[in-house]
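Read the numbers this way: they start at 1 and go in the same order the structure lists the ligands and their atoms. These values consider heavy atoms only, across backbone and side chains, with no hydrogens, waters or symmetry-generated copies.
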Amino acid sequence: MTVGAPPRIHLLSQIVADRIAAGEVVERPASVVKELVENALDAGATDVAVDVEGAGSALIRVADNGSGIHPDDLRLAVQRFATSKITGADDLMVVQTLGFRGEALPSIAAVSHLEVTTAPRGGAGGRRIRVNGGTVEAETSVGAPPGTVVTVRHLFFNTPARRKFLKSSAREFSLIVDVLQRLALAHPLVALRLTHEGDEVAHYAAGMPSDRAASVLGERVLAQALPVGQTADGLTTTGWLGRPELARGTRRQQYLYVNRRPISSRMLSAAVEQAFAQIVPAGRHPVYVLFIDLPAQAVDVNVHPRKLEVRFDDDHRVFTAVSRAVRETLRDARLLRPVAAPSSAVPVLSGVLPLESVPATVTQVREADLATSGRLPAMRLLGQLHRTYLLAQGEAGLIVIDQHAAHERVLYERILAARRRGAAASQTLIQPEPLALGPGESGLVEHHADVLRVLGFDLEPFGDRTVLLRGVPAVAAAGSAEHLLRDLLAQAGEEVRLGAADSLLERLTITTACRSAVRAGDPLSTEQMVHLLRDLGTAEDPFTCFHGRPTMVVLPLEQVERWFLRR
Ligand code: ADP
Ligand code: MG
């Protein structure tokens with residue numbers, strides 16, 4: 001932003017002032033820092049220095065090299081509802097600046113000893129005003145460099161109740177750091193500094209967004225983070241997602257922005273956390289920085305006194321877009337869930353590892369490599385463990401795949417894909433089979449004929465209490481169709497009884513996939529394993545089964561190395 005002449009300040013009309021979301025602007029030292037740094041950013045500053053003493057209770061000074069305030073406007077600037085940022089009520093709908101209410105300086109001045117020194121660019125003289133507890137004490141001309149310095153001393157000196165509510169200095173100061181970091185992440189082109197009792201606490205040089213994110217979040221976190229970049233439906237979502245293993249016990253490392261304004265939003269937090277739900281353990285919260293940018297008229301920023309919340313004209317649209325951006329980023333990252341491995345290995349005392357079907361020849365191994373196409377990370381199949389898990393070597397370490405969960409996912413998506421194409425995934429039996437139905441079952445067959453057909457059953461009435469099975473779901477394992485049908489009928493009867501009929505098709509689809517998948521304990525040939533992995537690689541979401549369990553986990557090599565005391 002180029003810094004020009006200071007925009008002029010005016011009093012808002014009563015009509016506009018009445019529309020300002022009322023409430024307490026200055027709650028604690030961190031709110032003062034937020035308002036003052038926001039003013040500096042709005043003034044186009046490229047360099048902002050924040051000095052704090054006594055966790056903000058003794059002194060907060062914010063110095064910037066922005067536009068400055070016109071000398072004739074300085075007195076207005078400390079009055080309520082005086083602003084250079086909006087004029088009419090319509091402007092409230094399309095606010096582009098961080099501030100817009102003309103409330104911050106007067107609110108701060110009312111509860112502190114405030115001093116503002118300012119000079120516009122281009123040599124016109126500087127000016128200084130001093131306000132004590134809301135009363136203007138002095139206004140003088142001074143020599144000052146271009147920009148503005150706001151000094152706030154003795155915050156809450158005249159409001160002991162407010163002062164009493166402050167937390168420990170350490171806590172108040174950490175809130176100040178948090179405020180500064182939140183603003184810093186969204187303004188990488190602005191250099192920001194923070195000192196406390198004269199010691200430099202943070203120094204963010206101007207740079208690329210990723211440089212700024214690295215200095216705020218830490219190099220290591222950012223190096224591992226997954227960049228997000230998606231535009232859909234007039235809404236852009238950018239930023240970074242921390243890997244699941246970085247998830248914390250608190251939400252403090254979640255940075256959410258709407259049009260570069262730091263906000264908090266239950267709805268959007270939920271959108272992100274739901275997308276993470278299957279890869280972050282319950283009670284842990286993912287780390288992320290997300291910038292949501294959309295047209296100003298689609299957001300109302302005038303809803304919270306400290307501007308910490310916004311309202312969207314279409315919640316659903318924003319939720320969906322953010323949720324999709326996060327989901328797809330996680331999916332494309334081919335995230336495996338790392339296992340919490342025991343910190344020391346259980347010694348193998350005797351015998352060999354019960355590996356079965358270890359591919360022995362070069363051809364088989366190459367075939368196994370091919371199996372890892374699609375969405376799966378590169379891996380080489382090693383074999384089957386206890387007839388339940390496939391073992392594979394991946395870049396990160398040992399990958400363990402739950403054969404049942406994996407197959408379930410494959411079959412489930414296959415059924416859905418067939419349904420989307422409008423075809424029931426059915427295989428016709430060469431020899432139709434008559435099936436005797438139990439009491440109650442014939443009624444269910446009739447009642448749920450449509451659902452059964454969509455799932456792939458081709459049933460023909462055949463006398464009383466008997467149907468002719470002409471076709472079965474394509475995914476059904478040989479010889480298991482009759483059993484599956486009875487299971488589905490039982491489940492349908494039960495669910496309808498429980499009033500859960502509306503999602504019946506979905507639930508029966510899940511059951512069909514589950515009952516048709518290979519089970520734990522089924523021996524698999526190398527060929528079958530290779531097939532399974534290849535199919536899984538083409539699944540839309542290969543990493544979780546629809547029960548929310550992972551289909552695979554990775555035992556990181558570092559962990560193995562730790563067992564052998566190599567690290
Ligand atoms: P708002 O930011 O909502 O307009 P404030 O009370 O924070 O209200 O500030 C009042 C006005 O003072 C602003 O509109 C702006 O014109 C001017 N101002 C405040 N701080 C600065 C600054 N650091 N640099 C330039 N102008 C400033
Ligand atoms: Mg302001």
Heavy-atom nearest option to atom 20 (N) of ligand 1, drawn from V37, V78, V116, N39 = N39
For ligand 1, which atoms have a heavy atom of P106 less than 4.0 angstrom away?
-> 6 (O)
Would you check whether P6 reaches within less than 4.0 Å of ligand 1, judged by its heavy atoms?
-> no
Does the side chain of S174 reach to within under 4.5 Å of the side chain of R252, using non-hydrogen atoms?
-> yes
Numbering the atoms of ligand 1 from 1, which are under 4.0 Å from a heavy atom of G99?
-> 2 (O), 3 (O)
Heavy atoms, side chains only, cut-off 4.5 Å: are L155 and V111 in contact?
-> yes
Select one of side chain, backbone, both or neither to describe which atoms of L105 lie under 4.0 Å from any atom of ligand 1, heavy atoms only.
-> both
Is a donor on one side and an acceptor on the other found under 3.5 Å between the side chain of R261 and the backbone of L98?
-> yes
Is H316 close to T320 at the side-chain level, that is, under 4.5 Å between some pair of heavy atoms?
-> yes
Applying salt bridge (Lys or Arg N to Asp or Glu O under 4.0 Å) between E35 and each of R101, R306, K307, report the one that passes.
-> K307
Of all residues at least two apart in sequence or in a different chain, which pass the side-chain contact (heavy atoms from CB on, under 4.5 Å) check with D72?
-> R8, H70
Got the closest protein heavy atom to atom 4 (O) of ligand 1, with its distance?
-> T83 OG1, 2.6 Å
With a 4.5 Å limit on heavy-atom distance, are the side chains of N39 and V150 in contact?
-> no
Mind checking whether D42 has an N or O less than 3.5 Å away from an N or O of ligand 1?
-> no
Sort by chain and number the protein N/O/S atoms found under 2.8 Å from the Mg ion (ligand 2).
-> N39 OD1
Can any side-chain N or O of R121 pair as donor or acceptor with the backbone N or O of N65 at less than 3.5 Å?
-> yes
Just which atoms of ligand 1 are under 4.0 Å from any heavy atom in A43?
-> 24 (N), 25 (C)
Would you mind checking which non-hydrogen protein atom is closest to atom 11 (C) of ligand 1, with the distance to 0.1 Å?
-> I9 CD1, 3.9 Å
Is it the side chain (CB and beyond), the backbone, both or neither of S84 that lies under 4.0 Å from ligand 1, heavy atoms counted?
-> both
Contacting atoms of ligand 1, where contact means under 4.0 angstrom from a heavy atom of A77 = 10 (C), 12 (O)
Hey, is E35 touching ligand 1 through its side chain, its backbone, both or neither, going by heavy atoms under 4.0 Å?
-> neither
Can you name the residues that form a ring pair (Phe, Tyr, Trp, His ring centres under 6.0 Å) with F276, not counting sequence neighbours?
-> none
Please tell me if the side chains of Y288 and V326 come closer than 4.5 Å, counting only heavy atoms from C-beta onward.
-> no
Heavy-atom side-chain contact between R182 and D178 under 4.5 Å = yes
What atoms in ligand 1 come closer than 4.0 Å to a heavy atom of E103?
-> 6 (O), 8 (O)
Any non-hydrogen atom of G68 lying under 4.0 Å from ligand 1?
-> yes
Quick one: does R162's side chain get under 4.5 Å of E27's, heavy atoms only?
-> yes
For the residue pair H113 and F157, does the interplanar ring angle fall in the parallel (under 30°), tilted (30 to 60°) or perpendicular (over 60°) class?
-> tilted
Could an N or O of ligand 1 be found under 3.5 Å from any N or O of I69, whether backbone or side chain?
-> no
Short version for T148: what comes under 4.0 Å of ligand 1, heavy atoms counted, is side chain
Stepwise, does the salt bridge (Lys or Arg N to Asp or Glu O under 4.0 Å) test hold for R28 with E172?
-> CA-CA 8 Å; R28 54 181 3 120; E172 293 297 338; 2.8 Å; yes
Within reach of ligand 1, part of D64 (heavy-atom separation under 4.0 Å) = side chain
For K85, is at least one N or O under 3.5 Å away from an N or O on ligand 1?
-> yes
For atom 8 (O) of ligand 1, what's the nearest protein heavy atom and its distance?
-> G102 CA, 3.1 Å
Which atoms of ligand 1 are found less than 4.0 Å from any heavy atom of R101?
-> 3 (O)
Evaluate whether atom CZ of R311 has more than 12 neighbouring non-hydrogen atoms of other residues, nucleotides or ligands under 6.0 angstrom away.
-> no
Do the non-hydrogen side-chain atoms of P6 and I69 ever get within less than 4.5 Å of each other?
-> no
For residues 131-147, which residue pairs qualify under side chain to side chain donor-acceptor pair (under 3.5 Å), counting only residues two or more places apart or in two chains?
-> R75-E139, R127-E139, R127-S141
Does an N or O from A104, backbone or side chain, lie closer than 3.5 Å to an N or O of ligand 1?
-> yes
Which part of A82 is near ligand 1, with near meaning a heavy atom under 4.0 Å away: side chain, backbone, both or neither?
-> backbone
